[in-house]
> 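I have a structure I would like to understand better, so I am pasting it below and will then ask my questions one at a time.
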Amino acid sequence: MTRMDATEYPGARDSGAILFPVSDYDLAATLDSGQAFRWRAVDDAWEGILAGNFFRLRQTTDGISAELLGSAASQHGPRTTHSEQLRDYLQLDVDLAAVIATFPEDAPMRAAVAACRGLRLLRQEPWECLVSFICSSTKQIVQIRQIIARLCERFGEPIPVAAEVRRLHSNAERGAQKAKGKLEPSDVGSDRAFAFPSASRLAGVSETELRACKMGFRAPYVLAAAQTVASGGLDLARLHLLATDEARVKLMELPGVGRKIADCVLLFAYGKQDAFPVDVWVRRALTELYFPHRRPTPQRLERFANTHFEPNAGFAQQYLFHYVRTLRPKK
DNA sequence: CGCCAGGCGAACA
DNA sequence: TGTTCGCATGGC
């Protein structure tokens, strides 16, 4: 295991943990808010894989601590240091107060901000984000997680994990899973980790194998996306150079990718703030919060969504989504 | 059990 | 340009 660069966390030198000082960051809300689907809560920490690196993150009083638990043998993603990877992925340099200051000043937005203090947007890897949201259509978030977990377990590159970490996992995790009677094959591997499978890897699997990951009718969409990206028909690494509208057109050329999924990728992987994914939850939020006891036409709602929340509309959208989905689920 | 889930595309008018 | 419907699968 390589030692991480950057300031080490005092008192945690043995584990190689480093501390990122940051305030106003709710790690749990951010990692568990339906933007990304690979983070797991393990005791008081969050574990996930990023560009082939297996990280454990913790919210601390001063910020966020990070440990590297293992890495895939081959190079995944850009050649940056681990700390740079995390800094970019977690968007630690974003001034959240400055972003929130640009939100529209109305009662619904104020309520959402007050309820979701510290919620952030991640900056994910485009390929993983694209596949994840192709698999998201008409699926609940828990199911999306299961699909993606199976996909990685079956086709992703294994990540060697130190024996000490492995033992900790098998004890804590399996006990909890067994108690709930939910020990599935894909959960048994909780002491193993896998990188997200590359486009070229998935381009070579069969639709049947993808369907075995329980992604149903989305399987041919994932396969087509993998083949298009692997063959160079769509260069995900260069999409960030395009304006949002042009990048959206490119993404929507893929079968199974419509406006909503394209906007999720534009927002969560490319940081395009003028992307505003409107799903059932956001539609519900907009209708209930801004048009109570009225019945806005779809066009009216779309125009409102596209004009009211600038210039950080995507960020505002995530606050509304998280607000209505998790903080007032009953009603 | 029926309903719905961070939708999309084909088939229609 | 605007609805309607089928699509896999599983949680509640």
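Keep in mind it's a predicted model, so treat the numbers as computed, not measured. Quick note on labels: first sequence line is chain A, next is B, and so on, each numbered from 1. When reading the values below, keep in mind they use all heavy atoms of this one structure, side chains included, and skip hydrogens, waters and symmetry mates.
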> With rounding to the closest Å, how many angstrom separate the P atoms on dC8(B) and dG11(C)?
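So the two P atoms sit 23 Å from each other.
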> Using the P atom as the reference point in each nucleotide, state the distance between dG6(B) and dT4(C) in Å, no decimals.
23 Å
> Quickly work out the R150(A) CZ to dG10(C) C1' distance and round it to whole Å.
10 Å
> How are the rings of F315(A) and F103(A) set to each other: parallel, tilted or perpendicular (split at 30° and 60°)?
tilted
> Is Q318(A) side chain donor-acceptor paired with the dG6(B) base, going by distance under 3.5 Å alone?
yes
> Looking across every strand, which nucleic acid part, if any, lies under 4.0 Å from L210(A) by heavy atom: base, sugar-phosphate, or nothing?
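Nothing: the residue L210(A), judged by heavy atoms under 4.0 Å, touches no strand.
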> What does dG2(B) pair with, Watson-Crick or G-U, if both distances are under 3.5 Å?
dC12(C)
> What's the CE-C1' distance between M252(A) and dG7(B), to the nearest Å?
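From M252(A) CE to dG7(B) C1': 11 Å.
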> It should be established whether R259(A) places a side-chain nitrogen or oxygen under 4.0 Å from OP1 or OP2 of nucleotide dC8(B).
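Checking dC8(B) against R259(A), no side-chain N or O comes under 4.0 Å of OP1 or OP2.
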> Going by atom types only, do R123(A) and Q91(A) share a side-chain donor-acceptor pair under 3.5 Å?
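Checked: R123(A)/Q91(A) side chains pair up, N/O donor to acceptor below 3.5 Å.
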> Which of these nucleotides, dG10(C), dC7(C), dG6(B), is closest to any side-chain atom of K214(A)?
dG10(C)
> Taking CZ from F133(A) and P from dG6(B), how many angstroms apart are they, rounded to a whole number?
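Distance check: F133(A) CZ to dG6(B) P gives 11 Å.
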> Which is more 5' along DNA chain B, the nucleotide nearest V257(A) or the one nearest V282(A)? Just name the residue.
V282(A)
> Take I144(A) and I147(A) through the test side-chain contact (heavy atoms from CB on, under 4.5 Å) and record every step on the way to the result.
CA-CA 5 Å; I144(A) 303 168; I147(A) 293 169; 5.6 Å; no
> Report the nucleotide, chosen from dG11(C), dG6(B), dG7(B), that has the shortest atom-to-atom distance to any side-chain atom of W281(A).
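Given the options dG11(C), dG6(B), dG7(B), the side chain of W281(A) is closest to dG6(B).
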> Can you tell me how far P in dG10(C) sits from the matching atom in dG9(B), rounded to whole Å?
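Going atom to atom, P in each nucleotide, I get 23 Å.
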> Can you tell me how far C1' of dG6(B) sits from OH of Y323(A), to the nearest Å?
19 Å
> Hey, does the side chain of Q299(A) come within less than 4.0 Å of dG2(C)'s phosphate (OP1/OP2), counting only N and O?
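For dG2(C), OP1/OP2 do have a side-chain N/O of Q299(A) under 4.0 Å.
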> Which of the following nucleotides, dG9(B), dG7(B), dT9(C), is nearest to the side chain of T138(A)?
dG7(B)
> Give the rounded distance in Å between these two atoms: CZ of R145(A) and P of dA5(B).
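Taking CZ of R145(A) and P of dA5(B), I get 17 Å after rounding.
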> What contact category does G258(A) fall into here, base, sugar-phosphate, or nothing, at under 4.0 angstrom with non-hydrogen atoms?
sugar-phosphate
> Mind checking who dG2(C) pairs with, Watson-Crick or G-U wobble, both distances under 3.5 Å?
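Checking every strand shown, dG2(C) finds its partner in dC12(B), with both distances under 3.5 Å.
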> Just N and O in the side chain of R284(A): are any of them under 4.0 Å from OP1 or OP2 of dA5(B)?
yes
> So what does S33(A) hit on the nucleic acid, given a heavy-atom distance under 4.0 Å: a base, only sugar-phosphate, or nothing?
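Since a base atom lies under 4.0 Å of S33(A), the category is base.
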> Specify the residue among P255(A) and P277(A) whose closest nucleotide of DNA chain B lies further upstream toward the 5′ end.
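Closest to the 5' end, via its nearest nucleotide, is P277(A).
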> Aromatic ring centroids of F196(A) and F155(A) under 6.0 Å?
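F196(A) vs F155(A): aromatic centres not under 6.0 Å.
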> Rounding to an integer number of Å, can you tell me how far L130(A) CG sits from dC8(B) P?
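Computing the L130(A):CG to dC8(B):P distance gives 12 Å.
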> Let me know the distance between CD of Q140(A) and P of dG11(C), rounded to the nearest Å.
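Interatomic distance, CD of Q140(A) to P of dG11(C): 8 Å.
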> What is the distance, to the nearest angstrom, from the CD1 atom on I261(A) to the C1' atom on dG6(B)?
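So the two atoms are 9 Å apart, to the nearest Å.
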> Hey, would you say the F133(A) and F268(A) ring centroids sit under 6.0 Å apart?
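Yes.
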> Give one of base, sugar-phosphate or nothing for F37(A), where a contact means two heavy atoms less than 4.0 Å apart.
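Touches nothing.
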> Any side-chain donor-acceptor pair under 3.5 Å between E157(A) and H76(A)?
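Indeed, the side chains of E157(A) and H76(A) share at least one donor-acceptor pair under 3.5 Å.
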> Any N or O donor-acceptor pair under 3.5 Å from the base of dG6(B) to the side chain of Q317(A)?
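Yes, a donor-acceptor pair under 3.5 Å.
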> Taking atom types as modelled and ignoring hydrogens, do the side chains of H308(A) and D106(A) form a donor-acceptor contact shorter than 3.5 angstrom?
yes
> By nearest atom, which of the nucleotides dA5(B), dG6(B), dA8(C) is closest to the F268(A) side chain?
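Shortest atom-to-atom distance from the side chain points to dG6(B).
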